[in-house]
Amino acid sequence: MINKIGVIGGGNIGGVVVSEIVSRGLARNVGLVDVKPPEFAKGKCLDIAEATPVMGRDVNIEGSKTYEVIEGADFIINTAGVPRAVRPDGTFPSREELLSINLKITDQVAAGIKKYAPDAFVISIANPLDAIVYRLFKKLKFKPNKIMGMAGVLDSARYKYFVARAANVSVENVEAVVLGGHGDTMVPIRSACRVYGLPVEQFVSKTQLAKIEDRTRKAGGEVVGLLGSGSAFVSPAVSALEMVEAIAFDKRKIVPVAACLQGEYGVKDLFVGVPAILGKNGVEEIIKIKLTPEERAAFKNSINAVKKTCAAVDKAK
Ligand code: APR
């Protein structure tokens with residue numbers, strides 16, 4: 001069992017993260033920080049704490065407006081940031097359009113982690129994902145294996161779900177991976193998609209797969225459009241916990257992670273979604289996948305999009 005998980009931001013995603021930690025009995029202590037007045041984090045935690053007798057879990061859950069509540073955490077899950085939401089005209093922003101507002105929040109987050117949880121593994125969910133985790137990395141100066149972004153688990157889960165529905169088989173039969181940035185340029189890797197270990201094309205037509213891959217790239221926006229306010233929150237929360245469990249239980253599980261590349265895939269010091277082994281040291285190894293020429297070109301395009309957003313981060317004070 002983990003001693004302590006610190007959760008930053010207790011809104012839609014943070015709330016599910018905390019309640020899932022409790023229902024899984026994943027940690028002995030949870031500290032939730034959220035700056036929202038009057039005492040939003042305290043209220044959120046009290047609500048979940050009062051459910052623990054029903055859930056049969058003994059977890060200490062503490063909420064606060066200030067960061068000392070995450071002191072000594074082994075893991076930090078960062079969800080602090082404004083989500084995408086539908087505008088009055090029915091459109092909604094891209095994740096990248098959240099950058100300037102979420103960067104300011106991220107700098108406060110980084111200061112809090114640095115002061116109170118300098119040895120934690122950091123898993124960041126806030127958007128634009130690749131740029132926010134890059135900013136945290138620059139501010140925290142943590143080793144690259146200890147800080148990562150959660151995107152690929154979610155994007156791949158969406159791809160798997162759509163394929164399972166189209167093939168009319170269990171979601172457990174589908175293996176799929178989405179690489180690259182967590183934006184519209186993300187790359188579902190059809191050549192690595194399997195149903196019961198068999199090529200996906202045996203179950204789903206190429207035309208249908210093209211539609212599924214397009215839907216996968218836009219899946220976050222689809223949820224935003226349907227919800228009307230805010231963005232997906234259950235799926236990102238449980239995806240981040242899959243990463244926590246892989247590290248905490250030293251599973252050496254291969255999952256798609258926004259990892260800080262050190263020359264792999266020709267990229268250095270940028271966070272890009274790639275398959276990685278997660279174990280007791282965090283990101284232990286980046287796995288190389290053989291891509292088709294089309295997938296390679298799409299992946300390069302996605303890396304360029306991440307580079308562009310991170311260049312904007314570098315320019316921001
Ligand atoms: N420190 C701590 N918490 C903060 C800070 C801060 N400096 N700034 C904002 N928050 C809190 C807000 O008060 C809010 O309660 O972060 C919470 C975010 O919750 P929601 O608005 O419900 O957003 P959510 O859907 O959880 O998404 C959070 O993850 O997927 C991304 O795009 C999404 O960037 C967004 C983030």
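Each ligand, and each atom within it, is numbered from 1 in the order the structure gives. The figures that follow rest on heavy atoms only: side chains count, while hydrogens, waters and symmetry mates do not.
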With sequence neighbours left out, which residue pairs that include part of residues 285-311 fulfil the salt bridge (charged side-chain N to carboxylate O under 4.0 Å, His left out) condition? Arg252-Glu285
Between Ile303, Val274, Val283, which is the residue that forms a side-chain contact (heavy atoms from CB on, under 4.5 Å) with Leu261? Val274
Sub-4.0 Å atoms of ligand 1 with respect to non-hydrogen atoms of Gly9: 3 (N), 16 (O)
Please identify which atoms of ligand 1 are closer than 4.0 Å to at least one heavy atom of Gln108. 6 (C), 7 (N)
I'd like the name of whichever of Pro83, Gly220, Ala232 reaches closest to atom 23 (O) of ligand 1 through any heavy atom. Pro83
For Asn102, the atoms of ligand 1 under 4.0 Å from one of its heavy atoms are 34 (O)
Going by heavy-atom distance to atom 19 (O) of ligand 1, choose the closest among Gly11, Ala111, Gly230. Gly11
Atom 32 (O) of ligand 1: nearest protein contact (heavy atom, Å): Asn127 ND2, 3.0 Å
Expected list for residues 233-249: side-chain donor-acceptor pairs under 3.5 angstrom, two or more places apart:
| unit_1 | atom_1 | unit_2 | atom_2 | d |
| --- | --- | --- | --- | --- |
| Ser239 | OG | Ser235 | O | 2.7 |
| Glu245 | OE2 | Arg24 | NH1 | 3.2 |

Interfacing atoms of ligand 1 (cut-off 4.0 Å, heavy-atom, Thr79): 18 (C), 28 (C), 36 (C)
For ligand 1, which atoms sit closer than 4.0 Å to a heavy atom of Val82? 32 (O), 34 (O), 35 (C)
Quick one: which of Val17, Leu129, Leu227, Ile105 has a heavy atom closest to atom 9 (C) of ligand 1? Ile105
Heavy-atom proximity to atom 4 (C) of ligand 1, best of Ala80, Gly15, Pro236: Ala80
Working for ring-ring contact (aromatic ring centres under 6.0 Å, His included), residues Phe75 and Phe121: CA-CA 5 Å; Phe75 286 85; Phe121 289 102; 5.3 Å; yes
Hydrophobic cluster identity match, Ile277 and Ile189, side-chain contacts under 4.5 Å: no
Salt bridge or not for Arg135 and Asp107, using N-O below 4.0 Å? yes
Of Val224, Ile13, Asp34, the one whose closest heavy atom lies nearest atom 3 (N) of ligand 1 is Asp34
If you round to the nearest 0.5 Å, how far is CD1 of Ile105 from CD of Gln108? 7.0 Å
